[in-house]
Amino acid sequence: MATLPAPMSDSSAPISPRVRFAPSPTGYFHVGGARTALFNWLLARRLGGRFVLRIEDTDRERSDPAWTEGILSALTWLGVAWDEGPFFQSERRHLYDAAAARLFAEGRAYACDCSPETVKARTDQRAVPGYDGFCRGRALPFERGRALRYRVPDEGTTVVHDLVRGDVEFQNATIEDFVLVKSNGDPLFVLAVVVDDLDMAITHVIRAEEHLPTTPKAVLLWDALADGHPLPAFAHVPVLVNERRQKLSKRRDRVAVEDYRALGYLPEAMVNYLALLGWSPADGREVLSRQEMIDEFRLEDVLRSPAFFDERRLLHFNGLYLRALSVDEFIERARPFLESDQVPWRPEHFDTAVFSALAPLVQERAGTLGEVPGLVEFLFAEPFEPDPDAFAKAIASDPEAGRILEAAIAILESVEFSPAALRRAIEEVAEQAGRKLGKAQAPIRVATMGRSTGLPLFESLEALGRERTLERLNAALGRIPGA
RNA sequence: GGCCCCAUCGUCUAGAGGCCAAGGACACCACCCUCUCAAGGUGGAGGCACGGGUUCGAAUCCCGUUGGGGCUGCCA
């Protein structure tokens with residue numbers, strides 16, 4: 001991908017759509033980046049074009065291959081697959097050097113030896129912010145130790161035709177002579193982006209709104225370098241914001257895609273939720289398959305205002321997708337969470353068959369896959385310890401609890417351990433105690449399952465088995481204060 | 001400060017001049033279902049930031065104000 005496409009001989013011939021996602025590997029990959037990537041991907045699929053992944057690692061100080069790995073694995077997890085790349089700007093340096101040399105040779109750019117400090121000192125005294133053009137007329141040779149700045153026209157207007165925002169006008173007078181190449185020789189992203197978009201024959205630049213202010217610079221550079229190749233279409237999608245309505249930040253906000261994966265969110269739920277942030281299909285449906293998104297996605301329908309990344313809504317979608325899984329799929333996808341080293345039981349105590357038997361009941365209750373172990377912990381964790389708060393509330397402070405546990409022990413010694421028979425047995429206990437079934441089972445539930453809420457009791461006792469059930473009921477009985 | 005963007009329930013949104021006494025979803029509240037918890041069902045509360053225009057008619061168009069955000073780096 002280092003050559004320009006052959007000029008179109010027939011200007012009416014359709015140009016193959018090529019979109020790109022160009023993250024910089026300077027921090028963990030957050031959901032805002034994922035949403036931008038998704039929109040790019042959706043458009044590429046929708047138009048039957050190519051999705052190019054380009055890693056913008058021109059800043060050697062801040063870039064780290066580990067972050068690149070994170071981006072690639074997150075995109076893979078989400079199923080946002082790239083058709084070409086990943087390309088690394090750090091490997092394409094010669095292209096930027098050549099472009100810089102050309103701009104300098106043609107007088108479109110000039111060398112500057114002002115230090116950032118002196119520039120700042122001067123601009124602080126001026127009404128107009130930005131570089132003051134001090135080196136414009138000095139005709140300094142372009143060499144190591146000097147930055148290269150673009151000579152922005154003093155007059156005129158640069159218009160960005162934006163697919164989601166319409167035409168946005170910038171007075172050239174408000175654009176400073178921006179730096180293209182650092183004094184250490186490294187190119188800056190404005191230059192690299194334009195060179196690459198041109199070289200890679202990109203037709204659509206879809207990126208976050210924060211890039212809108214730099215777009216007129218890209219347009220100026222494109223005009224200087226593209227030799228007439230048409231400018232790509234631009235689309236600046238709204239940023240994702242936190243609860244304080246600020247742009248999601250890698251530093252400030254804990255919203256790494258990787259974190260959601262670790263918590264047990266399904267990628268299809270994440271994708272569905274992300275797609276609906278700033279976009280919605282014409283008929284208002286919310287649960288959409290990938291194909292439906294592809295078929296219906298249009299940049300023209302993307303909103304212009306920022307959207308808040310609402311985890312509660314994400315959780316809702318996750319539950320929807322989780323429950324829509326077949327039981328077998330659910331078991332399969334829960335497996336990594338049941339076999340992780342974070343699990344609250346010793347691996348050898350886990351029993352797949354026991355889990356599988358209860359899986360449908362677990363599936364109905366888990367909001368994320370990460371919640372699965374907690375729901376079945378009582379089956380596998382040894383030694384068994386009821387939750388202290390639950391014990392205090394349902395047993396220690398319930399004067400009837402002792403009698404109920406005793407009655408339960410008596411009847412469960414002989415009853416068949418099937419949900420139906422267990423239900424009849426506990427109903428009998430409830431009757432003896434003069435309570436409703438739900439109230440009567442509370443102490444039994446805490447004594448055997450350790451919590452006051454969770455899976456249905458009878459199926460759980462069946463899975464636990466008679467021996468352990470009786471053991472736990474007796475243990476609880478023995479721990480009642482004053483009993 | 002300068003440049004730019006944005007503005008419908010708490011949140012995500014539908015709405016492209018009359019079909020809107022503004023619809024859906026999440027969250028919230030109540031009830032139903034129910035062995036707990038979920039899930040599900042029913043109902044409820046809750047919004048067009050403000051002010052001017054344009055028009056027979058404006059959430060929808062224009063202007064202004066206010067508010068929020070982004071950029072303002074030899075980061076991307």
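Naming: A, B, ... by sequence-line order, numbering from 1 per chain.
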Return the nearest nucleotide to the side chain of A/T453; candidates are B/C37, B/C35, B/G70. B/C37

With rounding to the closest Å, how many angstrom separate the P atoms on B/G53 and B/A21? 23 Å

Could you give the distance separating B/U60 and B/U42 at their P atoms, to the nearest angstrom? 33 Å

Round to a whole Å and report the spacing from CG of A/D162 to P of B/C5. 10 Å

Let's see if you can work this out: which of B/C74, B/A7, B/G10 has an atom nearest to the side-chain heavy atoms of A/D310? B/G10

From B/A7, B/C37, B/A14, nucleotide with atom closest to A/R304 side chain: B/A7

With distance as the sole criterion, is a donor-acceptor pair present between the side chains of A/S24 and A/R54 under 3.5 Å? no

Identify the nucleotide, in any strand shown, that forms a Watson-Crick or G-U wobble pair with B/A25, with both distances under 3.5 Å; if there is none, say none. B/U11

What's the CZ-P distance between A/F378 and B/U36, to the nearest Å? 16 Å

Closest to the side chain of A/S305, out of B/C35, B/C74, B/C6, is B/C6

Using purine N1 to pyrimidine N3 plus N6-O4 or O6-N4 for Watson-Crick, or N1-O2 and O6-N3 for G-U wobble, both under 3.5 Å, which nucleotide pairs with B/C31? B/G41

Pairwise C1' distance for B/G68 and B/C62, with rounding to whole Å: 22 Å

Phosphate OP1/OP2 of B/U36 contacted by A/K439 side-chain N/O (<4.0 Å): no

Is any side-chain heavy atom of A/V160 closer than 4.5 Å to one of A/R165? no

Under a 3.5 Å cut-off for both contacts, is B/C3 paired Watson-Crick or G-U wobble with anything, and if yes, with which nucleotide? B/G70

B/C61 and B/G43: how far apart are their C1' atoms, nearest whole angstrom? 38 Å

Would you kindly compare A/Y273 and A/P187 by the position of their nearest RNA chain B nucleotide and give the one closer to the 5′ end? A/Y273

Under 3.5 Å, side-chain donor or acceptor atoms of residues 178-185 of chain A against the rest of the protein: list the pairs with distances, not counting sequence neighbours.
| residue | atom | partner | partner atom | Å |
| --- | --- | --- | --- | --- |
| A/N184 | OD1 | A/D186 | N | 2.8 |
| A/N184 | ND2 | A/D186 | OD2 | 3.4 |

Between B/G46 and B/G51, how far apart are the two C1' atoms, rounded to whole Å? 25 Å

Against the side chain of A/R312, the closest entry in B/G10, B/U11, B/C74 is B/G10

Of all the choices, B/C75, B/G40, B/G69, which nucleotide is nearest to the side chain of A/L320 once you look at every atom? B/G40

Using Watson-Crick geometry (N1-N3 plus N6-O4 or O6-N4) or G-U wobble (N1-O2, O6-N3), each under 3.5 Å, B/G64 is paired with B/C50

Check whether any side-chain heavy atom of A/V80 sits under 4.5 Å from a side-chain heavy atom of A/N40, and report yes or no. no

Determine whether the aromatic ring centres of residues A/F297 and A/W279 are separated by less than 6.0 angstrom. yes

What nucleic acid atoms does A/G130 come within less than 4.0 Å of, heavy atoms only: base, sugar-phosphate, or nothing? nothing

Let's see if you can work this out: which of B/C35, B/G68, B/A25 has an atom nearest to the side-chain heavy atoms of A/R245? B/G68

Nearest-nucleotide pick for A/F170, side chain only, options being B/A38, B/G69, B/C4: B/C4

Set of side-chain contact (heavy atoms from CB on, under 4.5 Å) partners for A/P360, sequence neighbours left out: A/V327

Measuring from the side chain of A/A307 (C-beta onward, heavy atoms only), which nucleotide among B/U13, B/A76, B/C37 has the closest atom? B/U13

Any strand counts, and the cut-off is 3.5 Å on both contacts for Watson-Crick or G-U wobble. Which nucleotide pairs with B/G18? B/C56

Please state whether the base of B/U13 and the side chain of A/R313 form at least one donor-acceptor pair under 3.5 Å? no

How far, in whole Å, is B/C71 from B/U54 if one measures between their P atoms? 40 Å

Report which part of the nucleic acid A/R323 touches: base, sugar-phosphate, or nothing (heavy-atom distance under 4.0 Å, all strands). sugar-phosphate

Closest to side chain of A/H316, choosing from B/A39, B/C3, B/C26: B/C26

Please give the distance between the P atoms of B/A45 and B/G10 as a whole number of Å. 15 Å

No-hydrogen, no-angle side-chain donor-acceptor test under 3.5 Å, A/E155 and A/N172: no

In whole angstroms, how far is the P atom of B/C75 from the CD atom of A/Q89? 14 Å

Using a distance-only criterion (donor-acceptor N/O pair, under 3.5 Å, no hydrogens), is the base of B/C35 paired with the side chain of A/E459? yes

C1'-based separation of B/C48 from B/G15 [nearest Å]: 10 Å

